[in-house]
Structure formats: C-alpha cells, structure tokens
K.L.:
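Got a structure here, written out as structure tokens. Questions coming.
Here is the naming used below: chain letters follow the sequence lines, and residue numbers restart at 1 for every chain.
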2 protein chains.
Amino acid sequence: MVKMSDVAEKANVSKATVSRVLRNPETVKKTTRDKVLAIIEQLNYQPNILARHFRRSETNTILVVIPNILNTVFSHILGGIEHEAGKHGYRVLLANTNRQVEKEYEFLDHLKQRQVDGMILLSARMDKSVLYDVMKQYPVVLTADYLEGIPIPTVTIDNVSSGRTATEHLIKLGHSRIAHITGPLHLLVSQDRLKGYRQALLQNDLDVDNILIQEGDFTHESGYNQMTKLLALEHPPTAVFSANDEMATGIIKAAKDHGLSVPEDLAVVGFDNVKLSAIYDPGITTIAQPMFEMGNKAMEILLHQINGDDSCKKQYVLQNELVIRESCGAKRKNNS
Amino acid sequence: MVKMSDVAEKANVSKATVSRVLRNPETVKKTTRDKVLAIIEQLNYQPNILARHFRRSETNTILVVIPNILNTVFSHILGGIEHEAGKHGYRVLLANTNRQVEKEYEFLDHLKQRQVDGMILLSARMDKSVLYDVMKQYPVVLTADYLEGIPIPTVTIDNVSSGRTATEHLIKLGHSRIAHITGPLHLLVSQDRLKGYRQALLQNDLDVDNILIQEGDFTHESGYNQMTKLLALEHPPTAVFSANDEMATGIIKAAKDHGLSVPEDLAVVGFDNVKLSAIYDPGITTIAQPMFEMGNKAMEILLHQINGDDSCKKQYVLQNELVIRESCGAKRKNNS
DNA sequence: CTGAAAGCGCTAACAT
DNA sequence: ATGTTAGCGCTTTCAG
C-alpha cells in the first residue's frame, strides 16, 4: 500500500505538504501542488482514511436509528437524509432497532466512541434523561418521532392538527359517526393523531364515542381486524380515520368483505401518503407527511450541530397536506 | 477522554493487559481481569474505536450498495443483511446509488481505502472488468442482481425458471393469449424472466406474439400504461405475467378502468411477493423471492471471505415459490 | 510557502 | 501471565 511518505519522497516535498495538498490545497503554491498531484496520480495513492479518522477523531459518518426498515415511511425519510448527507460528503450508517429499546442504547455507544459524528433518531423509546444527557454532549436530531418535556432538536409535522384535518374532512362530507383506528398508543404520534380526532369531533359538536376508537399497530392486519369489530357494532361508523395508510387498506378490505363499498358505504382517510396510498384501489385519501423533506431538514440541522452551531437546536414543524383521492368520497372515480 | 493508559495505571498493569482484557479476555488471569474490568467500569472507559480501526485496519463495517431504498425488495434484502451482520458484530453502511453507475464507482473507493471490510452489491451496473478486479482483491458479494461471464460470488434465484413457473401457471389455468410486461430490459433479471416466459409458451406449443411483450420499468405507472396499450389491441390478452408486483397493481387498475374484472376477465401473476401483493385487493398471485434469506446468505458468504475463506466464492441459487392468491383466478375469493 | 517533529490511542511481536 | 516497545499513517503545531 503506497502511503503519504512515498508520495512525499517521490515529489521531493515533506509529508506535511502532501497532507496540505489533500486537505487545504489553497495553502500550497500551485507548482508544488500540481507536482504532488501528479505523483499521487502516478502512484495511484489512496490516503488511509482510517488513519485520518483516528488522527482527526472525525469519521464523516452519521448514524440513523430506524425502528423498522420495511416501513416505507422510514425509507422515505432515510432517502432525504441520504441525499443531504451525500451533498456534504457524509456517509450514512444504518442502525435497525427492530423496535427494541436495548438496541437504541447499544447504538449510543457509537456516538460515545466517536465512531460517528452525529445521530438521527427515527424512534426514541429510550429513557428521556439518558437521551437528554447524550444530546447535550453530541449532535443528535430526532425526526418522525418526538418527545415531550426535553428540548431535543426535532423535525416533525403537527400530528394533532393533522388528525384534526383528516377528521374534519370527513365531517365536512357529512359524516357524524366517524371511527378512528389508532397507531400503537405508546407512541406520541398515535396519541396526537387521536387528540386531533377528538378535537375535531368536539369542535363540531359531535359526541366522542369511545367504542369507535380502536387501537391498531400500523399493520394491514390490525386495520382489518379492528374494522371487522367496528362493523359488528349495532351502529357501525360510516367513516373511519386510520392512523396510517397500510391500516387503511385493511379497513377497506374488511368493509368489502362485509359487503360494503368504499367510499359509498364507508369513507376512509389514511395517513402518511406513502406510495401504497396512491397505488391502492380505491386511491386512499390521506395526510401527506413531507417525509423526504423531514430527512433533509434533520440532516441539515445535524450538520449545523456537527459544525458547532447550536443555534439550530430547536423544534421544527413541517407542513402536512391533505391529499384527496377516492376513498373518502369527495372525488368521484373516473369510471363510476 | 479517559484512555487505555489511564486504566492501566490505575489498575497497576500495562496497557497491553488492558488491551488483552478487552480483546482476548481468556488470556488474562481471572483476578487481574476482574481488577481491570472494575477500573474500566469505574472510570467509565470507552475504547477509542477509531484508533483500533486504524491499528488493525479493519472496521467491522460492510457496505451495501442499493440502487433505490424505496424499493421494498431491497429493504427486505437489507433486513436480511442487517440481521446476519448484527449477529457477528458487523455494522452496515448504506450506499444509495439512485441507479447512477458513477455512484457505484465512487463507493468502490470505500473498499479500496479499507473504510469497510467488504461490500454487498444489490446492483452491478459498473464495468465487468472493473468489478472483477475489485472482487479479486476485496470481499464482494452480489445479490438480487447478477452478471454473466465473471465468476463473482452471487446469491439469487433462478429467474428463468421462475418466469417459466409463473407463465406455466397461467397456461394451466387455460390461458393461451398471455402477455408479459417486463422490467427494464437492460437488467439481466428482466431478460431472464422474459426468457422463462418464452420457454413456457414454446414448451406448451403456444406462439410467442411479440406484441404481447411490453417493457415496463417496475413502477405502477408503467404497468398501467403498458396494460392500457395491450387492452387496445384487436386481440387483447386474457392473462398477464408482470415482472414485479408493483406493475401488477397498475395492470389490474388498467383492466378495471377498461371495465374488466380481475381475475374473471384478466388473470394476473406478479413477481417478488412484497407485502403489497398480499395487501392489494385482489391479492396478487406472485413468485416469492426469499428476500430476507438472500440478504442473510449474501452476508454469510461475505463474512467467510472477510475471514479469508474463499471457498465460498461461488454462485448460490435460492428457491423461489409460487404464491397463489386471487389475481390469477386459481383460487376463488371468499366473498364471490 | 514549506519542513521538522511530535504524537493521536491502540495492538501485537517479542521478551520476561 | 504480563510487560516492553515499536510503530500504524496521518495531521498539525511551530519554526524557518
């Protein structure tokens, strides 16, 4: 393996100059710089990045902690992170927790050992005080998920207002018996969407009937099962707000299997606007999270922190948007 | 930052002993080991992994090159890689190429600079000879994609036979006018699925009508568009084999928009068995790729290579499976 | 603008 | 079983 001293020797300069050519080319006279560059080319020299990382105790790598790679919401966010990271010469290390808290703690060591320059969390189940300590010492950003009570930099949408928007949309379409199938209620995201649902009902003088609120777990299957329950009710709902798009597909399937048509007999609104909601038939009306932008923004903030600018350590709330498709009945299908 | 020498000093041993406690505990007497461990705990010592990487020129990190994170086939494979890597203390660095060949070349440098111990490619668009050279010097495994002519370790399914299975299934159901919407034909995967389709027709004494073969790009939209074309034909097909599941959804949508029912008027078989195919209504009959296992196996082979065992440098062909759902008409829907 | 020299923290021969 | 020692290849003061 050819090393810096080989280049230096062959170019009749010192190692220091070679190093400068690589990292601060403008501080080297053009003629020497060109000479060194030529030799580097000629010897096909590749700097030993590990030595560099060691010496500088920086890795140009950031860690992304993901609860579940298979969830496309996270892949979209990851895409945004990746994009912004790439632009600034940073690499992305993936940390899949499979929703296990212990894994989150484990990955913290990467930060502490300076194996990565910063961390983006797409899920924060760990103890708040632990996270708070970490966040004071190292660059950390939270996105998709969020926490109450500690001032950790966060990029999200307003899930309460989004939940309200989704529900109000159904109310405006004339529904008064509206169910909500929530996400796992230990997640703040799910709680907030539920909160928004409640607010919308109350503000429109509609009763909140707890029997119409069922907890799901974001899977198609849970949407199917909970909807099947709701349809067995004496007074089943005429509309459902689903806390994500995948559950919405389960809800629609359950309705069909029960002999109902969507949206004629049951209106459905989902959440996220993942590709599935556009592909599915009927197209699912949904709240769009700006997933790519969330990833982008999170990375941007992280980079600021890495560069010592802590002024960006705040909460960022991005805009959501109601995307109207067929499942809610607001828009007629082309062929009907 | 507390370092190894601090621990050594406080424990009245040499740095070497501390290092041994960390990396080869069994070579240290239990009493000294416990003493050192206690001090490590007490001082909250975290080894400087960067120094270790430098010194050992190993990083316990592997690189996964992905053409597109949003494609769930790749996320599933990634899941398998991640799982196997985690078991052996390896970390996974993500490299998204967005299907740009230049990016592939770029990421090669990570290997050459020893920033990663090995590489798994989920797409190999780069020049074969370049890849061949790399593969001779560094641990590399190819999966999902594959190449002809160079002996690079590969984990895939037999796409020709899979294409044949899918098509034969439609033939057995009595169809004789079967279309095929392919993936991008510059991919060997797509070419092979097409080859299987052709073989099935020929072996069953059916004509191959080129008008029934249309090239798609794996998106829902391309499935929709190509199917719309096929439906405008004087003799439209009664069945379609789609080179992936997402296009199958587009095909079904096009059929519906044309007033046809699936599977009654048009039978559809997809490919991959991603979650979408199970969620979609009607459920899509498809060829299941063992995605998780492919990732697992690829990682396993890579680890062997990293550990200097090159006997595993061969091609591995995993089993595919036909999953029958509603879209082909072999199984009646519950409610019909 | 360039060179000399020190040393980052760890590992692994080699010696005891 | 443990200690001694010599770097790994780079970056970065500090001098010149």
Side-chain angles (χ1 to χ4, degrees), chain A residues 1-40 43-61 89 109-117 308, chain B residues 1-40 43-61 89 109-117 308:
Chain A
M1 199 92 264
V2 32
K3 52 196 170 191
M4 196 175 266
S5 56
D6 298 331
V7 176
E9 197 176 336
K10 190 129 183 182
N12 281 315
V13 293
S14 69
K15 283 187 299 171
T17 299
V18 179
S19 176
R20 277 189 279 256
V21 168
L22 255 30
R23 295 194 50 82
N24 306 93
E26 67 284 0
T27 67
V28 179
K29 196 169 60 180
K30 182 158 186 348
T31 54
T32 32
R33 194 199 316 158
D34 289 347
K35 184 173 57 181
V36 172
L37 252 17
I39 303 287
I40 285 178
L43 298 183
N44 190 24
Y45 165 69
Q46 293 272 15
N48 182 327
I49 306 292
L50 298 176
R52 177 183 293 173
H53 289 168
F54 168 48
R55 187 49 236 264
R56 303 186 35 109
S57 51
E58 278 181 16
T59 56
N60 277 260
T61 306
D109 286 339
H110 286 251
L111 253 192
K112 293 185 185 158
Q113 292 166 172
R114 305 208 164 281
Q115 295 196 63
V116 292
D117 299 343
Chain B
M1 199 91 265
V2 31
K3 53 195 170 190
M4 196 176 267
S5 56
D6 298 331
V7 176
E9 197 175 336
K10 189 129 185 181
N12 282 314
V13 294
S14 70
K15 283 187 300 169
T17 300
V18 179
S19 175
R20 276 188 279 254
V21 168
L22 257 29
R23 296 193 48 82
N24 304 94
E26 67 285 358
T27 67
V28 179
K29 196 169 59 179
K30 182 156 186 351
T31 55
T32 33
R33 194 199 315 156
D34 289 347
K35 184 173 57 181
V36 171
L37 252 17
I39 303 286
I40 286 177
L43 297 182
N44 190 23
Y45 164 70
Q46 293 272 14
N48 182 327
I49 306 291
L50 265 32
R52 177 184 293 174
H53 289 168
F54 168 47
R55 186 51 237 263
R56 308 193 33 142
S57 50
E58 278 181 16
T59 56
N60 276 259
T61 306
D109 286 339
H110 286 252
L111 252 191
K112 293 184 184 158
Q113 292 167 171
R114 305 210 166 280
Q115 296 195 62
V116 292
D117 299 343

K.L.:
Expressed in angstrom and rounded to an integer, what is the separation of B/Met4 atom CE from C/dC10 atom C1'?
P.N.:
6 Å
K.L.:
Let's see if you get this right: which residues in residues 51-60 of chain A place a heavy atom under 4.0 Å from DNA chain D?
P.N.:
A/Ala51, A/Arg52, A/Phe54, A/Arg55, A/Arg56
K.L.:
For C/dG9 and B/Lys3 - does any side-chain N or O of the residue sit under 4.0 Å from the phosphate oxygens OP1/OP2?
P.N.:
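The answer is yes; a side-chain N or O of B/Lys3 sits under 4.0 Å from OP1 or OP2.
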K.L.:
Please report the distance, rounded to the nearest Å, between NZ in B/Lys29 and C1' in D/dA1.
P.N.:
7 Å
K.L.:
Using whole Å, what does the distance between atom C1' of nucleotide D/dC8 and atom CG of A/Asp6 come to?
P.N.:
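So the CG-C1' distance, A/Asp6 to D/dC8, works out to 14 Å.
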K.L.:
Does the side chain to side chain contact (heavy atoms under 4.5 Å, CB included) test come out yes or no for A/Gln115 and A/Asp109, once each step is laid out?
P.N.:
CA-CA 8 Å; A/Gln115 295 196 63; A/Asp109 286 339; over 6 Å; no
K.L.:
When the distance from CD of A/Glu9 to C1' of C/dA4 is rounded to whole Å, what number comes out?
P.N.:
16 Å
K.L.:
Please give, in whole Å, the distance from C/dG3 P to A/Lys15 NZ?
P.N.:
13 Å
K.L.:
Taking atom C1' of D/dT4 as reference, at what distance in whole Å does atom CG of B/Asn12 sit?
P.N.:
16 Å
K.L.:
Pick the nucleotide of DNA chain C nearest each of A/Thr32 and B/Asn24; which residue has the one closer to the 5' end?
P.N.:
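Its nearest nucleotide being more 5', the pick is A/Thr32.
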K.L.:
Looking at A/Thr27, does any N or O in its side chain come under 4.0 Å of the phosphate oxygens OP1/OP2 on C/dT2?
P.N.:
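So the side chain of A/Thr27 is outside the cut-off, no N or O lying under 4.0 Å from OP1 or OP2 of C/dT2.
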K.L.:
Between B/Ser19 and B/Met4, what is the shortest heavy-atom contact and its length?
P.N.:
CA-CE, 3.7 Å
K.L.:
Please report the closest heavy-atom contact between A/Val2 and A/Leu43, naming both atoms and the distance.
P.N.:
CG1-O, 3.6 Å
K.L.:
Could you tell me how far apart B/Leu22 (CG) and C/dC10 (P) are, to the nearest whole angstrom?
P.N.:
9 Å
K.L.:
For a quick test of reading the model: is some side-chain N or O of A/Ser19 closer than 4.0 Å to OP1 or OP2 of D/dC10?
P.N.:
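For D/dC10, neither OP1 nor OP2 has a side-chain N or O of A/Ser19 closer than 4.0 Å.
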K.L.:
Starting at atom CZ of B/Arg20, determine the distance to atom P of D/dG3, rounded to an integer number of angstrom.
P.N.:
8 Å
K.L.:
With respect to B/Asp117, which candidate in B/Thr59, B/Asn60, B/Thr61 satisfies the side chain to side chain donor-acceptor pair (under 3.5 Å) definition?
P.N.:
B/Thr59
K.L.:
Minimum heavy-atom separation for B/Leu50 and A/His53, please, with both atom names.
P.N.:
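Looking at all heavy atoms of both residues, the closest pair is CD2-O, 3.7 Å.
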K.L.:
OP1, OP2 of C/dC10 versus side-chain N and O of B/Tyr45: anything below 4.0 Å?
P.N.:
yes
K.L.:
Is the phosphate of D/dT2 approached by B/Thr17 (side-chain N or O, under 4.0 Å from OP1 or OP2)?
P.N.:
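Indeed not, no polar side-chain atom of B/Thr17 lies that close.
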K.L.:
Do any N or O atoms from the side chain of A/Arg20 and from the backbone of A/Val28 form a donor-acceptor pair under 3.5 angstrom?
P.N.:
no
K.L.:
If every non-hydrogen atom of A/Met1 is compared with every non-hydrogen atom of A/Asp6, which pair is closest and at what distance?
P.N.:
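For A/Met1 and A/Asp6, the tightest heavy-atom pair comes out as O-OD2, 4.2 Å.
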